[in-house]
Amino acid sequence: MRPDPASLGLPPADLLHMHRKMWAIRAFEERAIELFTAGELPGFLHSQIGQEATCVGTCAALDPEDWITSTHRGHGDIIAKGGRLDRMMAELYGRETGYCRGKGGSMHLFDFGLGILGANGIVGAGLPIAVGAALSARLRGTAQVSVSFFGDGASNEGAFHEALNLASTWQLPVVFVCQNNEYAESTPRRVQQAIADIATRGAAYGVPGVVVDGMDVLAVREVVSAAVERGRDGGGPTLVEAKTYRFYGHYVGDPGVYRPSEEVEAWKQRDPIRLFEARLAEAGVLGREEADQVEAEVRQEVDDAVEFARASPEPDPASAFEDVYA
Amino acid sequence: MRPDPASLGLPPADLLHMHRKMWAIRAFEERAIELFTAGELPGFLHSQIGQEATCVGTCAALDPEDWITSTHRGHGDIIAKGGRLDRMMAELYGRETGYCRGKGGSMHLFDFGLGILGANGIVGAGLPIAVGAALSARLRGTAQVSVSFFGDGASNEGAFHEALNLASTWQLPVVFVCQNNEYAESTPRRVQQAIADIATRGAAYGVPGVVVDGMDVLAVREVVSAAVERGRDGGGPTLVEAKTYRFYGHYVGDPGVYRPSEEVEAWKQRDPIRLFEARLAEAGVLGREEADQVEAEVRQEVDDAVEFARASPEPDPASAFEDVYA
Amino acid sequence: MSAEPRSLTYREGLNAAMAEELRRDETVLLLGEDIADPFGGSYKTTRGLSDEFGAERVRNTPISEEAIVGAALGCALTGLRPVAEVMYVDFMTLCMDMVVNQAAQIRYMSGGQVRVPMVVRTQGGAGRSSAAQHAKSLEAWFCHVPGLKVVMPSTPRDALGLLKASIRDDNPVIFLEHKLLLLDPYAETVPDGDHVVPLGVADVKRMGTDVTVIATSRMVRLALAVADELAESGVSVEVVDPRTLVPLDEEAILASVRKTNRAVVVHEGFERNGFGAEVAALIGNRAFDDLDAPVERVAGANAPIPFSPVLENAVIPNEARIRAGIEKVLGGL
Amino acid sequence: MSAEPRSLTYREGLNAAMAEELRRDETVLLLGEDIADPFGGSYKTTRGLSDEFGAERVRNTPISEEAIVGAALGCALTGLRPVAEVMYVDFMTLCMDMVVNQAAQIRYMSGGQVRVPMVVRTQGGAGRSSAAQHAKSLEAWFCHVPGLKVVMPSTPRDALGLLKASIRDDNPVIFLEHKLLLLDPYAETVPDGDHVVPLGVADVKRMGTDVTVIATSRMVRLALAVADELAESGVSVEVVDPRTLVPLDEEAILASVRKTNRAVVVHEGFERNGFGAEVAALIGNRAFDDLDAPVERVAGANAPIPFSPVLENAVIPNEARIRAGIEKVLGGL
Ligand SMILES: Cc1ncc(C[n+]2csc(CCOP(=O)(O)OP(=O)(O)O)c2C)c(N)n1
Ligand SMILES: Cc1ncc(C[n+]2csc(CCOP(=O)(O)OP(=O)(O)O)c2C)c(N)n1
Ligand SMILES: [Mg+2]
Ligand SMILES: [Mg+2]
């Protein structure tokens with residue numbers, strides 16, 4: 001078969017953008033793990049390595065004005081939505097130039113200008129907030145949609161239920177994207193719920209539930225695009241379950257003893273970046289060398305972000321007392 | 001067709017017991033409404049008139065050792081589980097001889113000896129408690145099951161979701177009985193959820209969801225019995241949706257302007273006591289006169305309960321400071 | 001907006017505040033359980049508003065307190081000014097994450113990127129045999145949480161003016177009404193036009209010289225009645241109503257105590273770690289040399305709220321207990 | 001149970017308490033997120049317990065805080081003694097209904113029909129850059145709620161003895177650990193056999209004569225360090241650790257203050273309406289004539305907990321601030 005760039009159904013520029021974003025996430029996370037392990041970053045760190053296709057596939061379906069809410073494991077979602085690596089990295093360092101002037105850290109990254117309504121340290125908390133944003137779009141008469149990322153574990157929180165029910169009752173433009181990586185911290189999904197697919201929960205609200213291969217960025221993009229379109233057309237919310245995996249521990253430092261190593265290895269065989277690169281190569285959109293070039297460029301960007309962060313001042317202790325009230 | 005007492009599938013004594021209980025609820029509630037309206041009872045009052053078949057059909061499937069958790073609208077559930085009219089009425093009066101020594105009132109009736117783990121003023125709160133009781137049965141190796149009564153409105157609370165998920169994950173012997181009367185206070189169900197049947201929510205947890213005619217006490221009993229049996233056999237929880245209706249306002253005094261009067265009238269045509277009496281008469285178990293006799297006896301019991309309550313002392317103010325800690 | 005002098009009850013004041021803000025500012029919306037017409041709210045506070053402003057801006061919700069407040073927050077972060085109603089303050093237990101971890105902290109956590117203009121209206125208080133799950137007064141919890149403002153009006157005028165100010169405020173405001181005040185037929189004239197009472201300013205509801213009573217919400221009414229009574233025996237009681245508990249007008253309280261040298265704090269919430277503890281600690285610290293007697297607290301007992309009127313009356317402050325508290329700091333009259 | 005002298009860390013003390021009670025009483029069970037082996041809890045406090053006692057009695061749960069505490073309550077009402085773990089005290093916001101409206105009140109609402117023997121273990125505190133949603137200290141909320149007991153151990157020995165007492169108690173106990181203490185390698189010898197520390201008894205962690213410091217949890221350690229330091233300059237600091245905040249050993253606190261005539265309260269929770277307010281109010285009221293200086297509070301700032309270590313250090317009490325507080329009540333050293 002002759003390579004056909006059109007075979008992937010998207011303009012090459014879009015495909016390349018997605019590819020670059022996936023690498024940006026990978027490179028950012030790898031570097032962050034390194035830095036954290038070396039003791040340079042305070043706090044906790046949860047890496048999204050392995051889940052890049054869910055982040056990028058989803059955000060590729062969004063407009064800049066659209067919103068996301070994210071999770072404790074949110075770097076990838078935020079990078080995919082346009083988050084700046086330098087300000088993110090500076091925030092991970094707790095510096096004055098970080099997104100949150102050092103007040104938020106990894107679990108509390110925000111960029112309201114980019115529609116990033118926040119990572120969140122509370123499992124499940126992003127869902128109702130996304131519903132509110134969608135309500136706001138409705139009332140203000142804009143075409144915005146909101147996406148709420150959350151994990152398989154979060155699907156057992158009351159907030160999940162209330163948010164899906166409210167969004168469906170009001171037929172709001174929300175796409176609930178479950179990044180199902182089969183574990184919540186150490187606990188496998190079967191110890192947390194007795195269902196095969198989280199997507200089946202959609203029916204409890206009259207909401208379509210769609211399962212998608214979370215390692216396939218194009219599939220994710222397609223499913224989310226359809227959901228976004230439905231939402232914008234007044235068709236209400238959708239529940240998307242992206243089956244994925246985190247390649248590392250729950251947090252950096254977690255040895256992950258609760259996961260069989262064969263399972264981890266099997267998933268790693270389906271590395272979403274490699275899978276996408278194979279598709280891109282097949283379609284003649286991007287060759288190995290060009291891909292390596294992207295990786296190198298992105299790693300440089302991350303290096304620059306680290307330099308930026310390191311060179312940034314610590315916040316003034318007095319600023320700890322600012323921003324409590326507007 | 002010749003009347004056949006066996007045609008209803010239950011021993012006549014059981015049928016008569018259920019009939020009497022339904023009347024006990026009706027008579028108790030009617031009297032309580034009267035007393036409340038006359039200003040004799042403090043607080044709020046929510047009547048279960050119209051829903052008697054859900055209370056009695058459910059509790060007829062239970063053993064004395066089994067548990068129930070109930071709701072703000074709980075008199076019927078409690079009477080069905082064996083609650084004593086005199087102590088209930090005295091509690092509604094806030095008297096020392098009431099179930100709770102005047103501390104609980106209508107929304108906080110308990111009789112732990114009878115497995116009544118409480119009415120509840122918080123919508124949805126009974127569900128997780130019932131799950132805990134079922135866990136306790138499992139751990140203590142008893143055959144007890146627990147039933148959690150709740151309303152259609154409660155099915156939108158986070159607690160519903162967490163409780164069903166936990167019960168199904170642990171395969172606990174709980175029967176979740178939704179008394180779906182189509183309204184939560186003033187709000188019709190379609191303004192609260194976008195699904196036809198609440199029972200469909202069972203699938204979100206891998207739990208069987210069963211719809212039953214909540215005006216048919218025998219149908220309720222049958223469905224709940226099957227669920228109880230499954231639970232006792234280790235088959236896990238069941239979600240039962242009993243379609244029913246409250247014949248009066250949300251609380252006593254609520255004019256109920258939000259419900260079309262034709263709707264109310266149509267439901268009243270399906271009075272669960274009258275329906276049951278027709279079946280009993282048809283089967284030759286109970287004639288009109290005998291039925292009237294039951295009603296009269298039960299009304300007398302309620303009168304006695306009122307007398308008991310009225311004659312009972314007010315609690316000692318000092319007792320307000322007791323029972324805070326064990 | 002009317003320029004006629006209006007006489008309003010507490011409930012009408014709240015209703016007018018919402019109506020005026022809905023009219024004035026199209027970004028304002030209301031959401032909550034059973035707030036829409038014809039029901040108009042379980043205490044009828046929102047009556048007429050969905051009829052006037054439509055079901056899009058005055059929205060009935062499912063019984064989902066966490067999603068209600070979460071949705072309000074999502075609105076507040078994206079250009080609207082939501083006013084959420086949580087039917088009873090006891091039900092705030094179901095949305096504390098959204099209030100405390102989210103709404104109160106997002107501005108801070110984001111390094112000041114965003115304003116969070118939202119109000120959570122709720123009502124508390126005992127006196128109707130509503131029992132332990134419908135009668136608490138949990139202001140102390142909210143006062144403890146940095147990032148929240150906490151408002152407790154005691155009069156129709158303040159109800160109107162403080163709610164308007166709260167809706168215009170760019171921070172999450174917990175607005176605590178009292179169920180007995182909502183049912184109170186007492187009406188008073190409110191100023192013409194746009195009556196806004198700024199947050200953070202106490203009101204001396206009665207001037208006096210012998211003792212300061214700091215009272216909140218319905219307790220202001222009781223304190224005033226006791227002050228009237230004591231005036232007859234020649235005792236001059238100053239009644240200070242903080243109106244907003246956060247930000248607290250500390251200077252107004254301290255100024256009064258420095259004048260009277262004696263203080264009683266009266267509130268309905270549970271005494272232990274209640275609002276009165278904070279006020280007593282404040283006075284004890286900042287007016288140490290001015291105090292002629294220990295600060296007394298007259299507050300809800302450290303017991304759940306019982307159902308029976310006889311018992312309920314035993315656990316919530318009443319005029320007799322307030323009077324006894326005052327007499328105690330005066331050294332026994 | 002071992003009769004050998006044991007040296008345990010704080011975490012080991014807690015672990016031993018649970019192991020001993022699980023062994024002693026078959027009605028005890030543990031439930032919570034990720035508490036089972038091999039993970040053994042996010043702070044590893046329950047490590048080894050599911051291996052020893054099995055997955056039925058040491059249960060991993062879904063992420064459902066409300067159902068966890070609700071299920072624990074259902075167990076407590078029906079003959080068991082559950083110990084629920086809520087991973088961070090910040091997540092208690094998700095189960096406050098179960099804790100406050102249900103567990104704390106059921107005994108009362110039922111007129112004393114039932115006992116509610118359950119423990120909710122959770123951990124709080126800052127110092128690890130855990131930021132605003134993983135580092136609060138919310139003891140003041142629980143202290144405000146009648147029906148709850150509130151326990152905050154500061155040492156390994158107390159951790160062991162207080163947790164055992166809490167599990168045996170017939171009331172809902174909120175058991176608040178501190179994350180830095182959980183990670184602290186400091187170990188101390190604990191008494192042989194069944195070491196139970198009764199709830200409601202304060203411990204004078206250091207005797208002194210010049211000033212009383214009432215401190216909780218990790219702040220006890222800091223207060224002791226400051227006391228050591230000040231001893232060198234001839235100042236004698238008495239450090240009182242209430243250990244249980246409810247019931248509070250008021251007499252122990254008052255006795256110390258009546259001796260020293262000066263008091264500082266130190267805690268990590270937000271200052272406004274924090275535990276220190278209650279203690280300051282108590283002392284100001286009951287030791288009015290004994291006080292030579294205003295009671296000072298050294299507490300968490302009225303700001304959310306920031307992420308950056310530099311900022312975090314600015315908002316939580318440290319030795320310098322404690323020392324400054326002491327010097328202030330001593331009139332400036
Ligand atoms: C309300 C709440 N409960 C518990 C936690 C602790 N916690 C952090 S991440 C996590 C697991 C989340 O699992 P999942 O939703 O599947 O997301 P994942 O970590 O797998 O991406 C838990 C239990 C939390 N942060 N918030
Ligand atoms: C958590 C909570 N939210 C709101 C309320 C106020 N409330 C009491 S009953 C009720 C409606 C309940 O509807 P449903 O569950 O259908 O029961 P029904 O009254 O119809 O029997 C509401 C909103 C409450 N008691 N608890
Ligand atoms: Mg997961
Ligand atoms: Mg209903």
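Hydrogens, waters and symmetry mates are skipped; everything else that's a heavy atom, side chains included, is used.
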What is the distance from atom CG of B/Asn156 to atom CG of A/Leu164, rounded to the nearest 0.5 Å?
12.0 Å

Would you say CD of A/Gln171 has more than 12 non-hydrogen atoms from neighbouring residues, nucleotides or ligands within 6.0 angstrom?
yes

Using non-hydrogen atoms only, which part of B/Gln192 is less than 4.5 Å away from chain A: side chain, backbone, both, or neither?
backbone

Stepwise side-chain contact (heavy atoms from CB on, under 4.5 Å) check, A/His161 with B/Phe160
CA-CA 9 Å; A/His161 178 67; B/Phe160 165 91; 3.5 Å; yes

I'd like to verify something: which residue of B/Gly158, B/Ala204, B/Gly206 has the highest number of heavy-atom pairs under 4.5 Å with chain A?
B/Ala204

Please check if the number of heavy atoms outside A/Glu222 that lie under 6.0 Å from its CD is greater than 12.
no

B/Arg140 atom CZ, over 12 foreign heavy atoms within 6.0 Å:
yes

Side chain, backbone, both or neither: which part of B/Val191 has a heavy atom under 4.5 Å from chain A?
backbone

Checking side-chain hydrogen bond (donor to acceptor under 3.5 Å, both in side chains) against A/Asn165, which of B/Gln193, B/Glu157, B/Arg201 comes through?
B/Arg201

